[in-house]
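Some notes on the structure that comes next.
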Amino acid sequence: MQEEKVILVNQKDEPIGLMPKMEAHQKGLLHRAFSVFVFNDKNELMLQQRAMDKYHSPGLWTNTCCSHQREGETNVEAGKRRLQEEMGFTTQLDDTISFIYKAPFDNGLTEHEFDHILVGKYNDIPDLNPEEAASWKWMSLEGVAQDMQTNPGIYTEWFKIIFDKYYQTIQR
C-alpha cells in the first residue's frame, strides 16, 4: 500500500506540492489538515481516545477525528471520509475557522498544519474502528476546557491548540 501523501501549502493555504505524510511530519513542513468537531443536541463535543497502537499520541483524548485532505478533495469531503473511517458514521459538516499551528513531538515528528475546523451534529453512538479509536465520550466545552487545565497530559498536543482556538472563537 502506497503511503498517504499530504498537500504542502504556503501561508495562504495555496497548494505548492505533495509529499509522503511521514516525510512532511519529519521535516515539519506546512501542510493542509482538518479537524472535525461533532456535537450532539446538548452541545456536547464527541471526543475520541486514540487507539493504543497509534504511532504517536496513543491512548490520548482528542477531537472527534482529524486527518489530511487528499489531492482534489474538499475539506468537507475529506472530513466526511475520515469520520466514516475512524468513527463509523457521517454527518453534514460545515467548514468554520482555519489557522496555522506547529506542535513538535518527542518522537521527532512535527505537526505543522494549516488546519480547517469542520463542525457537525450527531446524536447516535459511533461504530469505532479499533485501529483508529479505543473509546469515545461526550463532554461539554466547559468540561473539556477545565479538564485540559487539570489533566493536560491525557490530551493530544494538537487538540489542546485547536480546541483553544475554536473555544476562543465561539466565545466572541
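Note that this is a predicted model, so its numbers are computed, not measured. Residues take their numbers from the sequence shown, with the count starting at 1.
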Please report whether the ring centroid of Phe114 lies less than 6.0 Å from that of His112. no
Give, for atom [atom1] of [X] and atom [atom2] of [Y], the distance between the pair rounded to the nearest 0.5 Å.
X	Y	atom1	atom2	value
Ile117	Phe37	CD1	CZ	4.5 Å
Leu109	Lys21	CG	NZ	10.0 Å
Cys66	Leu83	SG	CG	11.5 Å
Ile154	Leu47	CD1	CG	9.0 Å
Met139	Met148	CE	CE	8.5 Å
Asp124	Met46	CG	CE	8.5 Å

Is there a ring pair (Phe, Tyr, Trp, His ring centres under 6.0 Å) between His31 and His68 once you walk through the steps? CA-CA 8 Å; His31 58 278; His68 305 93; 4.9 Å; yes
Closest approach of [X] to [Y] (non-hydrogen atoms, all atoms of both residues):
X	Y	result
Ile7	Pro15	CG2-CB, 3.9 Å
Leu45	Thr64	CD1-OG1, 4.0 Å
Leu8	Ala24	CD2-CB, 4.4 Å

I would like to know whether Glu4 and Arg70 meet salt bridge (Lys or Arg N to Asp or Glu O under 4.0 Å); could you show each step before the answer? CA-CA 8 Å; Glu4 187 91 12; Arg70 293 177 177 160; 2.8 Å; yes
Among side-chain atoms of Asn63 and Tyr166, is any donor-acceptor pair under 3.5 angstrom?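 Checked: Asn63/Tyr166 side chains show no N/O donor-acceptor pair below 3.5 Å.
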Does either side chain, that of Trp61 or that of Thr156, offer a donor lying less than 3.5 Å from an acceptor on the other one? no
Just wondering, more than 12 heavy atoms not from [X] lying within 6.0 Å of its [atom1]?
X	atom1	result
Ile170	CD1	yes
Glu131	CD	no
Lys54	NZ	yes

Parallel, tilted or perpendicular for Phe159 and Tyr155, by the 30°/60° rule? tilted
Classify the angle between the aromatic ring planes of Tyr122 and Phe89 as parallel (below 30°), tilted (30 to 60°) or perpendicular (above 60°). parallel
If we only count heavy atoms from C-beta on, is the Met87 to Gln48 side-chain gap below 4.5 Å?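 A side-chain contact exists here, since the closest heavy-atom pair is under 4.5 Å.
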For a 4.5 angstrom cut-off between non-hydrogen side-chain atoms, does Asn75 reach Arg32?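 Yes - at least one pair of side-chain heavy atoms lies under 4.5 Å apart.
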So if I apply the side chain to side chain donor-acceptor pair (under 3.5 Å) rule between Arg81 and each of Glu86, Glu73, Gln69, which one comes out positive?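 Exactly one pass, corresponding to Glu73.
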